[in-house]
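Structure first, commentary second.
Numbering of ligands and ligand atoms starts at 1, following listing order. Just so you know, these numbers use all the heavy atoms, side chains as well, and skip hydrogens, waters and symmetry mates.
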Amino acid sequence: MPPVPDILQIAVPVPLRRHFDWLAPAEYPRENLLPGIRIQVPFGKRELTGILLNTASRSDQETGKLRQAIRVIDEVPVLGPMLLGLGLRMADYYQTPVGEALLGMLPALLRQGKPRGDLLPQTSSSSLHVESSLVPNADQQATLDAIAGAGDAFNVFLLEGVTGSGKTEVYLQAMEKVLLAGKQVLVLVPEIGLTPQTLARFRERFSLPVVALHSRMSEKKRLQHWQIAEAGIARIVIGTRSAIFTPLLNPGLIVIDEEHDTSFRQQDHFRYHARDVAILRAQMEGIPVILGSATPSLESLHNARAGRYRHLCLSGRAGGASLPVFQLTDMRSQPVQSGLSEALLAEVRTHLSAGNQVMLFLNRRGFAPTLLCQECGWSAICSRCDIRMTLHLREGILLCHHCDRRAKIPSRCPECRTEGLQATGQGTERLEENLSEFFPQTPIVRIDRDATRRKGTLEKAFARIHAGEAKLLAGTQMLAKGHHFPDVTLVGIVDADSGLFSADFRGPERMGQLLLQVAGRAGRAEKPGVVMIQTHHPDHPLLTLLLQEGYSAFATALLLERKQSLLPPFSYLALIRAEAANAQAAKCFLQEMGELIPSDSTLSILGPVPAPMPKRAGRFRFQLLLQANLRSVLHQALKKALPRGETLPSGKKVRWSVDVDPVEMV
Ligand SMILES: [Zn+2]
Ligand SMILES: [Zn+2]
């Protein structure tokens, strides 16, 4: 029989929901053409690195027009059968072009077609020593028993425990069993939670190779760690979002810490949620997954309450530490200086003079959110986004937080020429300045994106806090994530109101989570903590519910609201977004896209409407919202419509994308 030409079905990173065919390179050994290897191919005038999906003897394309692949990069697949399968299912679930999804799973160097590096010789440390496990309290023991009792098969555990209740100790002891059985553990943490501290804690406990994978490391190192994990040498892999795609030779357990955290969701290109991918992966690998949080997402809580996840609760604080006391400070009823109430300032003084640390939290960076002319009402607006620019005084600029446009600070009003423009409102930079005026003798550390931009500065700042050098800590939500500050006895929430009134239906959920996460930083050791919340709405029902009855009651109320208004997790959403320099072009495209989707009683389509932020970086933004009561209905509709949508001529003039299970509605 004459040899049949080998057709290679390859996924390449282009925005089309299909694979393409090439001819195998001449004389390449056919048995080496394994699915999951990388192959370099010509694509139009470009060369692309793609992933081999399959070989075939026939092509849907005209065989005469098929081009030959340039070269095979790998002998061993970079995506083994499990990860390749996971990638294909995700591309399908998230309606992502398959090539973008598969290549998006790889470390950047592999994505660019670079060869794998050499594996560094590892010091063999094959035997496991476990250092100083703590004796679990009754709650922790019950949790560990439940996890152990379920065996090593696929199970989702939702571990809900107030901050300080010892979730990490539960992770560590659950991991110990898996490691003793010779298997690997994958731990995901939110972007900022990955600190030397966290790593040190794992390394102290287990005398086994632990590797980290996150965006603050070099690409070269990242690839090395990826390979060490793939070879089974790294026994614990700890990383942020994309670490969920790390190949593991012998997986035994996945842990997602702070599962509610929105940094697990990738917001551009390949829009996946690492928590949901982790659950799918655990199911495919047949291993357990633990989702931990003090403030679980409503989705996870709903799944747990419906019995799909095992719900495990740690109710008290480990080591006998007491929960912080909440105090609402009514901003309407007392003198306020520079955004700080007299009551809060007095409390700060008391805690500082007792030798403790104080943390003030404000989720707004920069000096002031508005630069205003009091004469004519002019304010500094970003011309590309039609939104106020933030004053960054230290850098001496106005900055748009949405498109990063920078502008000079005008010395007088551009409209009426009045001098002395007013900085209105406050951000963390101004908070720090005000604090240094109120407490000139007290060393202050500010933690936000601006103050920690340079490599190493964040680590240095945390080190100063832990050494007790800094007494006053001011910052954004970077302060709220994953850090333990045992000497902080007072947490001040400078402005609780911005979260209460949000356009996004997830706003109140986020507000509650953030408030408790920040509050959880206080009083972790024997020292009891106080949390003061400044608000103009001390009677707001959600705020009262959260503080008086706790997160569980708060979440129950929010879930009821979601159910009544048929929002997730009681319905399924997808957003199709389009943006263009010409507003009409974006709107027209979505109009045509909407016509491709049949709507009926099971699927509703809203739009096209302007996005909540209607203009960004000079482009007009519209969106089409799809809502269905069944996931399969939504899925089928998208699957039918998108490939046709890709061919719409109006799509050539716009940037568009699909977001399945969107977490941000902007
Ligand atoms: Zn003016
Ligand atoms: Zn802008």
Any luck finding a side-chain donor-acceptor pair between [X] and [Y] under 3.5 Å?
{"X": "Ser341", "Y": "Gln534", "answer": "yes"}
{"X": "Asp92", "Y": "His635", "answer": "yes"}
{"X": "Ser300", "Y": "Glu259", "answer": "yes"}

**Request:** Might you confirm whether atom CD of Glu375 has over 12 heavy atoms from other residues, nucleotides or ligands at distances under 6.0 Å?
**Result:**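 No, CD of Glu375 has 12 or fewer neighbouring heavy atoms, counting only those of other groups under 6.0 Å.
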**Request:** Nearest 10° is fine: what angle sits at the Zn ion (ligand 1) between SG from Cys376 and SG from Cys416?
**Result:**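 With the Zn ion (ligand 1) as the vertex, the angle is close to 110°.
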**Message:** Rounding to 10°, state the angle centred on the Zn ion (ligand 1) that links SG in Cys373 with SG in Cys413.
**Reply:**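 Vertex at the Zn ion (ligand 1): approximately 110°.
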**Asked** What does the angle at the Zn ion (ligand 2) come to, between atom SG of Cys382 and atom SG of Cys400, rounded to 10°?
**Response**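 Result: 110°, to 10°.
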**Message:** Given the Zn ion (ligand 2) as the apex, I'd like the angle to SG of Cys403 and SG of Cys385, rounded to 10 degrees.
**Reply:**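 The two atoms form an angle at the metal of about 110°.
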